[in-house]
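In what follows, a single structure is set out as structure tokens and then discussed.
Per chain, numbering begins at 1; letters A, B, ... match sequence-line order.
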Protein chains: 2
Amino acid sequence: MNKPAFRNWQSVQEEVLRRIHSRQWPPGELIPNEADLAAEFGCARTTVNRALRALADAGLLDRRRKAGTRVAAQPVAKATLDISVIRNEVEARGQKYGYHLIDRRETVPPVATSAAMNTPIDAPLLYLKALHLANDRPYALESRWINGAVVAGVRDESFETISGNEWLLRHAPYTHGDIAFSATNATEDEAAILDCAPGGALFVIDRLTWDGDKAVTKVRILFVPGYQIRTAL
Amino acid sequence: MNKPAFRNWQSVQEEVLRRIHSRQWPPGELIPNEADLAAEFGCARTTVNRALRALADAGLLDRRRKAGTRVAAQPVAKATLDISVIRNEVEARGQKYGYHLIDRRETVPPVATSAAMNTPIDAPLLYLKALHLANDRPYALESRWINGAVVAGVRDESFETISGNEWLLRHAPYTHGDIAFSATNATEDEAAILDCAPGGALFVIDRLTWDGDKAVTKVRILFVPGYQIRTAL
DNA sequence: CAGATTTTTATGTATGCACATAAAATCATT
DNA sequence: AATGATTTTATGTGCATACATAAAAATCTG
């Protein structure tokens, strides 16, 4: 075997990928250790490590100290979705973005909401309901609860020209959150707002955001029928 | 300022994260360069680099050569979904997994399918339709087209005891693919199979897998109403 | 032989150094 | 002032080395 000289970690990664795809290293198989690969590729172990680590991050390799590195038996496809600001999403499609505030009030939320956000059962929260538009057509309906006790200055914001989405991103720090995707049938109300048939299948994003142990905001976004969120594998 | 001694890249990352979350480094702001941070943290620049690179990968920092590193103005939340084998998904919930093959035939697909898979319009493909069960209840309905010209040995597999999902993972190499999530209303047929109301909102995963420039398989999976896919941010 | 202990080994990471590279900033030239 | 060449600078990466750490494997011990 001549030495093709793998001079950078990307080329090493490509070669490893090639071997995985070609089944030269089939799923589940133990691959040579870093030192050996480094010798074979004619580069430093650091470089091999970088390449393998990236592949492990991507879910294609399983690595364990001492046990070695093996090709993932079931490459848990990691679909990385970019959940951007809706405005950006719409504009990225080359469409005109529009925003319309439907409701804004400070009120005591349903118990399910205060429970999920871990707020006192009788504590009022700020509620926002707004419609996002693409080329003047309904695009997504956002219903949001904001914890005014955590987010400074929300009560002074009318949200008539900026969505909770964007405002919070700019003003509310957060440490972590979780997100869920699902599908639901449009209620009569929702159908009227989104200009679709009642019962239409809506794509749903539910998101709960925390700053330490305090809930910042809980939002549910309903997308019009036909909406797709896509990504490469 | 005393020196807290940041001895590893994780602790550096934590500190940087803390400064971002606390708005000490607000969104859009340029942060000190690697060398300065290394000096401040009392570690090597390499270590700072590792920490910042990881954060950039996560979408929290924007980095450009010479221009420096700044806090992402709009931290595109990257939701990383683990699309595992359905069997694993079910079993991970502690439920009993079941599988039932509904249909298997070799036939010429609809033009939309052959177009998407870039196969000759009159070329027959292998079609599979199967139901995944959790605790003996319908869980997901899989409809799949497989390119027999690309996948060796598919024609010899009955798929009566193993899903296309798992079989392909073990036997068919692939280089890339794309995936889309959406919502749809259950047809009469689908409702009957999934034991739900016709028109019920189903969560949909569409996936198209390639090996180089040849399509390997195209699959649509419909999940029963109520299905959620979730992840942390 | 079971169970505890030690050894071995592959990955994980910190460091100093060197150089590559992209892009902003500056300077030179017309 | 517009254009183009040059310098500067922050990030990107490679490498040799050293040591840390987890976990498998081997060894010891009762």
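Taking only side-chain atoms of Ala44(A), from C-beta outward, the nucleotide of dC15(D), dT13(D), dA24(D) with the closest atom is dC15(D).
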Going by atom type alone, with no hydrogens or angles, which donor-acceptor pairs under 3.5 Å involve a side-chain atom of residues 217-230 of chain B and a protein atom two or more places apart or on another chain?
unit_1, atom_1, unit_2, atom_2, d
Thr217(B), OG1, Arg144(B), NH1, 3.2
Thr217(B), OG1, Trp145(B), O, 2.8
Arg220(B), NE, Asp206(B), OD1, 3.0
Arg220(B), NE, Asp206(B), OD2, 3.4
Arg220(B), NH2, Asp206(B), OD2, 3.0
Tyr227(B), OH, Glu89(B), OE2, 2.6
Gln228(B), OE1, Arg230(B), NH2, 2.9

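If you check the side chains of His21(A) and Tyr174(B), you find no donor sitting under 3.5 Å from an acceptor.
Legend: residues meeting side chain to side chain donor-acceptor pair (under 3.5 Å) with Lys214(B), ordered by chain and number and at least two apart, are absent. Scanning for salt bridge (charged side-chain N to carboxylate O under 4.0 Å, His left out) contacts around Arg65(A) gives an empty result, with sequence neighbours left out. For Glu34(B), the salt bridge (charged side-chain N to carboxylate O under 4.0 Å, His left out) test picks out Arg45(B), Arg63(B), with sequence neighbours left out. By the salt bridge (charged side-chain N to carboxylate O under 4.0 Å, His left out) test, Glu29(A) pairs with no residue at all, sequence neighbours left out. Looking at residues two or more places apart in sequence or on another chain, you find a side chain to side chain contact (heavy atoms under 4.5 Å, CB included) between Gln24(B) and Arg18(B), Arg19(B), Ser22(B). Asp136(A) meets the salt bridge (charged side-chain N to carboxylate O under 4.0 Å, His left out) test with Lys96(A); sequence neighbours excluded. In this structure, the side chain to side chain contact (heavy atoms under 4.5 Å, CB included) partners of Leu30(B), at least two apart in sequence or on a different chain, are Arg70(B).
One interatomic measurement links the two molecules: CG of Asn33(B) to P of dG12(D), which rounds to 12 Å at whole-angstrom precision. We find that CZ of Arg70(B) is positioned 14 Å from C1' of dT11(D), with the value rounded to whole Å. Between the CG atom of Asp57(B) and the C1' atom of dG12(D) there is a distance of 13 Å, rounded to whole Å.
Of the residues near DNA chain C, Arg45(A) and Cys43(B), the one whose nearest nucleotide (by heavy atom distance) lies more toward the 5' end is Arg45(A). Comparing Arg65(A) and Ala67(B) against DNA chain D, the residue whose closest nucleotide sits nearer the 5' end is Ala67(B). Ranked by how close their nearest DNA chain D nucleotide is to the 5' end, Thr69(B) and Trp9(A) are led by Thr69(B).
For DNA chain C, the outermost nucleotides in 5' to 3' order that have an atom under 4.0 Å from a heavy atom of chain B are dT13(C) to dA24(C).
The salt bridge (Lys or Arg N to Asp or Glu O under 4.0 Å) contacts involving residues 156-179 of chain A comprise Arg87(A)-Glu166(A), where partners must be two or more places apart or lie in separate chains.
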Task: Residue pair His132(A), Tyr97(A): steps toward the side chain to side chain donor-acceptor pair (under 3.5 Å) verdict - done: CA-CA 7 Å; His132(A) 300 267; Tyr97(A) 174 76; 2.7 Å; yes
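A heavy atom closer than 4.0 Å to some atom of DNA chain C occurs in Thr47(B), Arg50(B), these being the qualifying members of residues 47-55 of chain B.
Contact annotation for Arg64(A): backbone-only contact, meaning every heavy-atom pair under 4.0 Å involves sugar-phosphate atoms and none involves a base.
When the C1' atoms of four end pairs are superposed on the next four at each end of the helix from dC1(C)-dG30(D) to dT30(C)-dA1(D), using five pairs per end, the two resulting axes differ in direction by 0°, to 10°.
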